[in-house]
Every structure is written in C-alpha cells, then in structure tokens.
Amino acid sequence: MALSTVIAGGVVTLVLLGLTLFLRERALRQTRPMPPGLQADISLPFTAQWTLYHNPFSLCSKKIRVCLAEYGVDYDSVAIDLIETGSYQNISREFLKVNPAATVPVLLHNAHPVYESHEQLNYVASVVDQTGLLVPQDAQLRQVMDVWVHKTSLLGDDPIDSPEATAGNAVPGLTVPIFAAMLVSIPTAKIVEGLLFHRIKKRALLFLLMKRRGLQKTLTLKPVAGVLNRSAKAMTAHLHELELQLESSGGPWICGDQFTLADVGMMVIFDRLREGDWLHLLVHHRPVLDAYWTALQQRPSYQAGCADFVHPAVAEATVELAALKQADHWPPGIPR
Ligand SMILES: N[C@@H](CCC(=O)N[C@@H](CS)C(=O)NCC(=O)O)C(=O)O
C-alpha cells in the first residue's frame with residue numbers, strides 16, 4: 001500500500017476518533033433548564049446544613065451571600081469558576097450534576113438544591129426568618145418588597161436582551177466592559193471550550209472576539225455600543241423608579257425603616273455599578289441614590305458578601321475602566 005494511502009487512512013481515523021470523542025463529551029455536557037425553588041426530590045452529597053456553590057464575581061452569587069450574611073447563616077462554600085474568572089467550570093461534568101442548567105449560585109439545604117437566586121432569598125427567609133428580620137410583617141410592605149425583589153432579579157436565559165425588564169437584567173450589558181478587560185488574560189483555548197459546550201454559542205463567540213480585540217477595540221464594536229447605550233438607558237429608568245420609591249418610603253430603605261430582601265438585591269446591583277465604573281454616571285449626581293448607596297456599603301453584609309470576595313481581575317478591570325475615561329480614551333458614542 002502506498003505511504004500516502006496509509007497516511008490518509010490514519011488522518012481519517014484520527015478525525016473520526018476526535019469527532020466521536022467530541023460528540024460523546026457534548027452529550028455528557030448537555031444542559032437543561034431547572035425548575036426554580038427547592039427541589040425536594042433531588043438529593044446531592046452534603047456535609048453542612050447549608051452549602052453554597054457560587055462565584056466571587058457573579059451578581060446572583062453576591063446576592064445570596066449577602067442574604068446569608070444578614071441572617072448570620074454559616075455555609076459550606078464551594079467556589080465555581082466562570083469563564084470571566086478563569087475557566088468554564090460551570091459547564092464541567094461535575095458541576096452539571098449539581099446544576100444541569102450550568103449556572104451559579106446553587107444553594108443546598110440539607111442536600112436539596114434551590115435554583116434561582118431570588119428563590120434562594122425567599123427560601124432562606126422562609127426557613128430562618130421567624131421574626132421578620134428581612135421580610136416585612138405588614139402585608140402591604142411585603143408586597144412592596146416582593147415587587148422590588150422581582151425588579152432586582154436577573155430573569156430569563158439571556159437577560160442581556162431585555163435590560164428594560166428589570167434592574168437586574170440591565171446589569172449584564174453594563175458588565176460587558178469589565179468582561180472585555182478580564183478576558184484579555186484568559187487563554188483562548190479556555191474560551192473555545194464555551195464555543196464547543198456552552199448552550200449560548202453567541203456569548204462564547206463574543207467572548208472570543210473581545211479577547212482578540214481587547215478592551216478599547218471591543219468598546220468600538222457597533223453591537224457592543226448598542227448594548228451599552230440600551231442598558232445604560234434602561235438602568236437610568238430603573239434607578240429613577242428606585243429614587244421615587246425611596247422618596248415615597250421615606251428611606252433609608254426600599255420599604256422605609258426596614259432593610260429587606262429587596263435592598264439585598266439592590267445592594268449587589270449598586271456594587272456592580274461600582275465595579276463597572278458607572279456610579280458617577282448613574283448614581284452620584286442623585287442625592288437620594290447616593291445616600292442609599294452609602295448606607296448599603298455600611299452594612300456588615302456588604303463586607304461579608306461583596307467586599308470580601310473582590311476578584312483581583314475585577315479590581316484591575318475597574319481601575320482600567322476609570323483610567324480610560326480619565327485619560328479621555330473612552331470611545332465616543334457610548335455612555336461614560
Ligand atoms: N436567574 C438565575 C441566573 C443565574 C445566572 O445566570 N448566573 C450567572 C452568573 S450571575 C452564570 O452562572 N453564568 C454562567 C453562564 O451562563 O455561563 C439566578 O438568579 O440565579
């Protein structure tokens with residue numbers, strides 16, 4: 001047999017083997033949406049009463065960490081990387097056993113998972129909050145709190161597409177510049193893993209593009225500018241609504257005198273605005289919001305749930321974003 005035929009046969013065999021392995025891996029990493037709330041019929045290995053799978057940077061992870069800190073609930077902490085903090089650990093086979101939807105945070109209570117961070121807040125409150133510490137006893141105020149817990153939630157599979165829906169949904173768009181700054185130091189091969197196995201391919205593609213272009217050139221992409229403008233406009237409207245609510249409640253909190261789960265949700269949104277260097281644009285010239293943000297940062301739970309988990313790459317990104325704006329290197333046509 002000619003050498004070239006042998007080589008061609010070898011190449012075909014290798015390609016077929018690679019394809020088989022890829023298809024097998026893809027089947028093992030299939031994701032599916034999970035129902036929100038406590039899943040009493042699912043049991044996972046646990047050692048502590050409460051276990052939290054979370055990521056230092058993720059908005060929803062911050063929210064449940066702050067909530068647990070407010071209640072003084074101890075938990076076993078399992079840190080899960082997302083691509084922006086280092087790797088796609090959330091789509092690993094191991095993590096998919098914990099959450100087949102491949103998202104953090106996941107809260108386990110005595111082995112049973114609770115999915116969706118706003119459900120986690122309500123669940124923790126239903127178990128530990130007998131005295132109404134973070135949940136108003138008054139029915140009308142309770143309703144106000146529920147409305148604002150909803151408004152601070154991140155809803156849907158791809159919330160970047162609907163920033164007008166909630167203040168939570170206006171966050172991912174405003175996080176794009178931080179992502180762009182963080183992705184520069186993530187190896188390309190790790191981002192490609194998302195292209196192969198993540199359910200939202202367009203996001204992995206955008207991440208690859210951001211990695212190639214770097215922060216400044218990412219900001220000049222037309223779709224990115226569109227997302228930033230739309231998200232900043234939506235966030236402005238959500239914050240205006242918050243301003244009106246704080247004025248009508250009399251403050252210092254959304255429900256008036258009582259700090260509630262709604263303020264937990266808002267705290268982490270403001271913290272993300274800080275990380276993305278958006279505070280001066282969206283908050284600082286509005287005294288009511290500014291006072292609210294100052295009060296939020298003074299809660300010990302802000303330290304325990306947000307400040308203690310600052311990821312070094314996020315801290316660097318914040319400094320880089322502020323420096324670009326100060327040096328007038330922020331591209332025109334996008335909010336600053
Ligand atoms: N609605 C969910 C959203 C969960 C979510 O999207 N988490 C993000 C981090 S904030 C995540 O895990 N992203 C990783 C990915 O989708 O690859 C909740 O509130 O818990």
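In listed order, ligands and their atoms are each counted from 1. Since the model is a prediction, treat every value here as computed from it, not as a measurement.
At under 3.5 Å, not a single nitrogen or oxygen of Ser58, backbone or side chain, sits near a nitrogen or oxygen of ligand 1. Remark: ligand 1 and Leu154 share an N or O pair separated by less than 3.5 Å (distance only, no angle test).
Annotation for ligand 1: atoms under 4.0 Å from non-hydrogen atoms of Arg199 are 16 (O). For ligand 1, the atoms lying closer than 4.0 Å to a non-hydrogen atom of Glu116 are 1 (N), 2 (C), 18 (C), 19 (O), 20 (O). Near Leu59, with a cut-off below 4.0 Å to any heavy atom, the atoms of ligand 1 are 10 (S).
Of all protein heavy atoms, the one lying nearest to atom 14 (C) of ligand 1 is Asn90 ND2, 3.4 Å. Among protein heavy atoms, the minimum distance from atom 13 (N) of ligand 1 is reached at Leu82 CD1, 4.2 Å. Considering only non-hydrogen protein atoms, atom 4 (C) of ligand 1 sits nearest to Val104 O, 3.5 Å. In terms of protein heavy-atom proximity, atom 20 (O) of ligand 1 is closest to Ser117 N, 2.9 Å. Counting protein heavy atoms only, atom 17 (O) of ligand 1 is closest to His198 NE2, 2.7 Å. Atom 6 (O) of ligand 1 has Thr103 CG2, 3.9 Å as its closest protein atom, hydrogens excluded (heavy atom only). Nearest protein heavy-atom neighbour of atom 16 (O) of ligand 1: Arg203 NH1, 3.1 Å.
A salt bridge does not link Glu320 with Lys325: every distance from a Lys NZ or Arg NE/NH1/NH2 to an Asp or Glu carboxylate oxygen is 4.0 Å or more.
The two residues Leu28 and Leu96 come nearest to each other via the heavy atoms O-CD1, 4.3 Å.
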Taking it one step at a time, do Thr166 and His150 satisfy side-chain hydrogen bond (donor to acceptor under 3.5 Å, both in side chains)?
CA-CA 7 Å; Thr166 64; His150 176 83; over 6 Å; no
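Remark: Arg299 qualifies as a cation-pi partner of Trp253 under the 6.0 Å distance and 45° angle criteria applied to the six-membered ring. Relative to the six-membered ring of Phe309, Arg65 meets both conditions, a distance below 6.0 Å and an angle of at most 45° to the axis. For the pair Arg286 and Tyr292, the cation-pi test (distance below 6.0 Å, angle within 45°) is failed.
A donor-acceptor contact shorter than 3.5 Å links the side chain of Gln120 to the backbone of Val114.
With 3.5 Å as the limit, one finds a donor-acceptor pair spanning the side chains of Glu70 and Ser301. No hydrogens or angles considered: nothing links the side chains of Asn55 and Ser61 as a donor-acceptor pair under 3.5 Å.
Looking at Pro36, Cys60, Ala101, Gly194 and measuring to atom 3 (C) of ligand 1, the nearest heavy atom belongs to Cys60.
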